[in-house]
Amino acid sequence: MTETTTLRDRVGALVAEAAEAAIRAGSLPDVALPDDLVERPRDPANGDYASSLPLRLARSAMMPPLAIAEAIAGHLPAGEVIDEPRIAPPGFINLSLAEHFVQGEIDRIIEQGPTFADGALGQGKRVQVEFVSANPTGPLHVGNGRGAAIGDTLASALSAAGYEVEREYYVNDAGTQTDVFAETLYARYQQQHGRDVSIPEGGYPGEYMVDLATQLREREGDRLLAEPGEPPSPEVREMGIALIVEHIRGTLATFGTTYDRWFSERSLYEPSADGAASAYDAAIAILRENGHLAEREGALWLTSSDLGEDKDNVVVRSDGRPTYFASDIAYHYDKFVRRDFEQVINIWGADHHGHVSRLEAGTEAVTGKGDALHLLLYQLVTLKRGGETVRLSKRGGEIITLDELVEEVGPDAARFFFLLRAPSSQMDFDLDLAVKQSNENPVYYIQYAHARLASILDRAAGEGRTPEGGDVALLTAPHELALVREMLRLAEVIELVATTYEPQHLAHYGMELATSFHAFNDAFRQQGDPNLKVITDDAALTAARLRLVLAAKIALGRVLDLMGMTAPERM
RNA sequence: GCGCCAGUAGCUCAGUGGAUAGAGCGCUACCCUGCGGAGGUAGAGGUCAGAGGUUCGAAUCCUCUCUGGCGUACCA
């Protein structure tokens, strides 16, 4: 039992040991035990943890659930971690944490500080989280913000759960979309030099393309102009992509998201630094050797229907250019084979779900590690403005950029709004409402709690009071212990996020932890007795309560940090 | 047509096969008047889209129907 095992696992192990002891003692038949033995009951009256094991064993043990509960409860070691178990019909064993254990956890939280609630689930496994990865053809829109919030927070949770995590942005700088982007940019650039040209059909009509052309003109003058009717120098494309990528990087930085690596799609087609074949050539060679490729109608196909897919997919077009799918196969060859990630998570908008199964098949064919690839889809964000629904599409007309959203509601509120919703849930984002209610956004509820905690510690320090040497055994009031109990859930929430890839649990937990603090703090006020506040004439009690406040600040700060939000000392 | 995701309070959404289905906003009534009121307590508000099924137990799993979103390219 290590320090980093969650409390839930610890309590579950106690139940397992008790059940095994009951089997050895002959009071329970020798039956197999399921994995998850305890859960958090919805109603706190049913304890901190509850086990429905007796109900689940009733059939195989051929015993009434209550009799099984009695048999197991008789072997549960009350004392160190839990109090005496309570049996409840129809067959639950309810367990409460022992008071002295709860109190002692305050000291442990303070001792662990910023590593509080870290876990060992990941065992140092190397995981890559790739997210956003929007085409470098325009600014990020609101939907990309959802991907950024989900990906970044998931990466943080995995890291806290003991994985070694790398965040990556895949820059699609090789496809036809960037060709169209470059053509559009060049058209705008020519317009700025007085040429009467129009942007290409299917090009990017957005005003930002004019801004980019202006930047290009201001930096390079007319140097990039080719003869009328002639194609421009490749530099136009290079510089355009570089400008857009820088813009995207800046947007994400403002949003609170930074990456370990920005990976160029084009680099997949270049020989590696040590002279080895390009990732693309290497991946294609493997597919060819293993008989996964076929030529047909002038194109090269991955025979994915042999791999359980609905159909085959084109890898190299009849004109010789590789498809996006080819890049993706090479990219995942690079991730799994060249860079040796043990687990890869890609976070995509739901509009890409048509690629999911074929990428899984392609990855399996080229690396054999299809099982280690996790494609997490988030449903698209629908924007509402003035009661009207606006579709988010870069190639369509109107887009609301992530910059605009952050400008209006701030990065913390924007992130939190995205994180509250499950990735699988379609969400309506009412812009008018988000702006109007920004001061009542639940994000402030959490941050306000953190600021109040900081304020109490400041105030105490001003009076020469500190948490040093406080004896946590003095904390016995229900609202004090309830606050600690809530903090103890964090490690379990982190593990839940790391296993389900659903960051919304963290956001909801943050709300609940803040609620526990507000209720704790208000309990002192309601009693109206100055001696019942955190800071009282009683020096020992004050120090003990300051320890609780400090621990709560650590826990709440950790939650905010995991979500990529600021934890303000004052607001 | 086929495939994927969803449908839970007036609105936006949580909900790990378990005990009386929750939160925020909005609404109503109180508390406190502060170590930060961006607070606390309580209440009204539900056919968990519908119908079958599995189970000791279903919002949760399975089947069908309805509704919405997305996909079904030698675009990405």
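Throughout, protein chains are lettered first and strands after them, A, B, ... in sequence-line order, and every chain is numbered starting at 1.
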Looking for any heavy atom pair under 4.0 Å, which part of the strands does [X] touch: base, sugar-phosphate only, or nothing?
X: A:Glu512; answer: nothing
X: A:Ala422; answer: sugar-phosphate
X: A:Arg459; answer: sugar-phosphate
X: A:Ala299; answer: base
X: A:Arg465; answer: nothing
X: A:Glu309; answer: nothing
X: A:Met571; answer: base

- Item | A:Arg421: partners by side chain to side chain donor-acceptor pair (under 3.5 Å), with sequence neighbours left out |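 With sequence neighbours excluded, A:Arg421 shows a side chain to side chain donor-acceptor pair (under 3.5 Å) to no residue whatsoever.
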- Item | Qualifying residues under side chain to side chain donor-acceptor pair (under 3.5 Å), relative to A:Ser133, sequence neighbours excluded |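 For A:Ser133, the residues satisfying side chain to side chain donor-acceptor pair (under 3.5 Å) (neighbours in sequence not counted) are A:Glu130.
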Please confirm whether the shortest side-chain N or O distance from [X] to OP1 or OP2 of [N] is below 4.0 Å.
X: A:Ser425; N: B:A14; answer: yes
X: A:Gln504; N: B:G15; answer: yes
X: A:Arg40; N: B:A19; answer: no
X: A:Ser424; N: B:C5; answer: no
X: A:Tyr204; N: B:A76; answer: no
X: A:Arg42; N: B:A19; answer: yes
X: A:His355; N: B:C75; answer: no

- Output yes when a side-chain donor or acceptor of A:Thr401 lies under 3.5 Å from a complementary backbone atom of A:His141, and no otherwise.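 No, because the side chain of A:Thr401 does not come within donor-acceptor range (under 3.5 Å) of the backbone of A:His141.
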- Do side-chain atoms of A:Tyr324 reach the backbone of A:Thr176 as a donor and acceptor pair under 3.5 angstrom?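 Not confirmed, A:Tyr324 side chain does not pair with A:Thr176 backbone.
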[X], nearest nucleotide to its side chain (from [options]):
X: A:Arg570; options: B:U20, B:G36, B:C75; value: B:G36
X: A:Asp428; options: B:G39, B:U12, B:C35; value: B:U12
X: A:Ser318; options: B:G18, B:C74, B:A76; value: B:C74
X: A:Asn94; options: B:C74, B:A19, B:C35; value: B:A19
X: A:Ala519; options: B:G18, B:U41, B:A14; value: B:U41
X: A:Arg452; options: B:G39, B:C75, B:U20; value: B:G39
X: A:Gln426; options: B:G39, B:G68, B:A19; value: B:G68
X: A:Thr323; options: B:G36, B:G15, B:A76; value: B:A76

- May I ask you to say whether A:Glu512 pairs ionically with A:Arg489, meaning some side-chain N is under 4.0 Å from a carboxylate O?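 A:Arg489 and A:Glu512: salt-bridged.
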- Query: So, are A:Glu492 and A:Arg40 salt-bridged, with charged N and O less than 4.0 Å apart?
  - Reply: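 Yes, this pair counts.
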Spacing of [X] atom [atom1] relative to [N] atom [atom2], expressed in whole Å:
X: A:Gln177; N: B:C75; atom1: CD; atom2: P; value: 10 Å
X: A:Phe416; N: B:G24; atom1: CZ; atom2: C1'; value: 9 Å
X: A:His353; N: B:G69; atom1: NE2; atom2: P; value: 14 Å
X: A:Arg421; N: B:U12; atom1: CZ; atom2: C1'; value: 5 Å
X: A:Tyr445; N: B:A38; atom1: OH; atom2: P; value: 13 Å
X: A:Tyr378; N: B:A6; atom1: OH; atom2: C1'; value: 17 Å
X: A:Leu506; N: B:A23; atom1: CG; atom2: P; value: 20 Å
X: A:Leu420; N: B:C25; atom1: CG; atom2: P; value: 12 Å

- Distance from A:Leu28 atom CG to A:Glu70 atom CD, nearest 0.5 Å?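 Answer rounded to 0.5 Å: 12.5 Å.
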[M] and [N], which share atom name [atom1], separated by this distance in whole Å:
N: B:C62; M: B:U55; atom1: C1'; value: 12 Å
N: B:G36; M: B:C30; atom1: P; value: 27 Å
N: B:A58; M: B:G15; atom1: C1'; value: 13 Å
N: B:G34; M: B:G43; atom1: C1'; value: 26 Å
N: B:G45; M: B:U8; atom1: C1'; value: 14 Å
N: B:A19; M: B:A59; atom1: P; value: 9 Å
N: B:C2; M: B:U16; atom1: C1'; value: 32 Å
N: B:G22; M: B:C64; atom1: P; value: 32 Å

- Item | Stacking check A:Phe92 vs B:A19 (5.5 Å / 30 deg) |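 So yes, this residue stacks on that base, both cut-offs being met.
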- Query: With stacking defined as ring centroids separated by under 5.5 Å and planes differing by under 30°, is A:His352 stacked against B:A76?
  - Reply: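 Per 5.5 Å and 30° rule: yes, stacked.
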- Knowing that exactly one of A:Arg266, A:His332, A:Glu265 qualifies, which makes a side-chain hydrogen bond (donor to acceptor under 3.5 Å, both in side chains) with A:Ser327?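 The side-chain hydrogen bond (donor to acceptor under 3.5 Å, both in side chains) with A:Ser327 is passed solely by A:Glu265 among A:Arg266, A:His332, A:Glu265.
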- Message: My understanding is that only residues two or more places apart in sequence, or in another chain, count here; which of them pass ring-ring contact (aromatic ring centres under 6.0 Å, His included) with A:Tyr280?
- Response: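 Per chain and number, A:Tyr280 pairs via ring-ring contact (aromatic ring centres under 6.0 Å, His included) with A:Tyr269.
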- Sequence neighbours left out, what passes ring-ring contact (aromatic ring centres under 6.0 Å, His included) with A:Tyr501? Give chain and number order.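 If we apply the ring-ring contact (aromatic ring centres under 6.0 Å, His included) test to A:Tyr501, skipping adjacent residues, the hits are A:His374.
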- What pairs of residues pass the salt bridge (charged side-chain N to carboxylate O under 4.0 Å, His left out) test when at least one of them lies in residues 311-325 of chain A, not counting sequence neighbours?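 Sorted pair list: A:Arg296-A:Asp312, A:Asp319-A:Arg321.
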- For A:Lys311 and for A:Ser455, find the nucleotide of RNA chain B with the closest heavy atom, then tell me which residue's nucleotide is more 5'.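 This one resolves to A:Ser455.
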- Between A:Trp301 and A:Pro442, just flag the one whose closest nucleotide in RNA chain B comes earlier from the 5' side.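 By nearest-heavy-atom nucleotide position, the 5'-most residue is A:Pro442.
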- Note on the structure: With both pairing distances under 3.5 angstrom for Watson-Crick or G-U wobble, and | for a partner in another strand, the correct string for RNA chain B is (((((((..((((....[...)))).(((((.......))))).....(((((..]....))))))))))))....
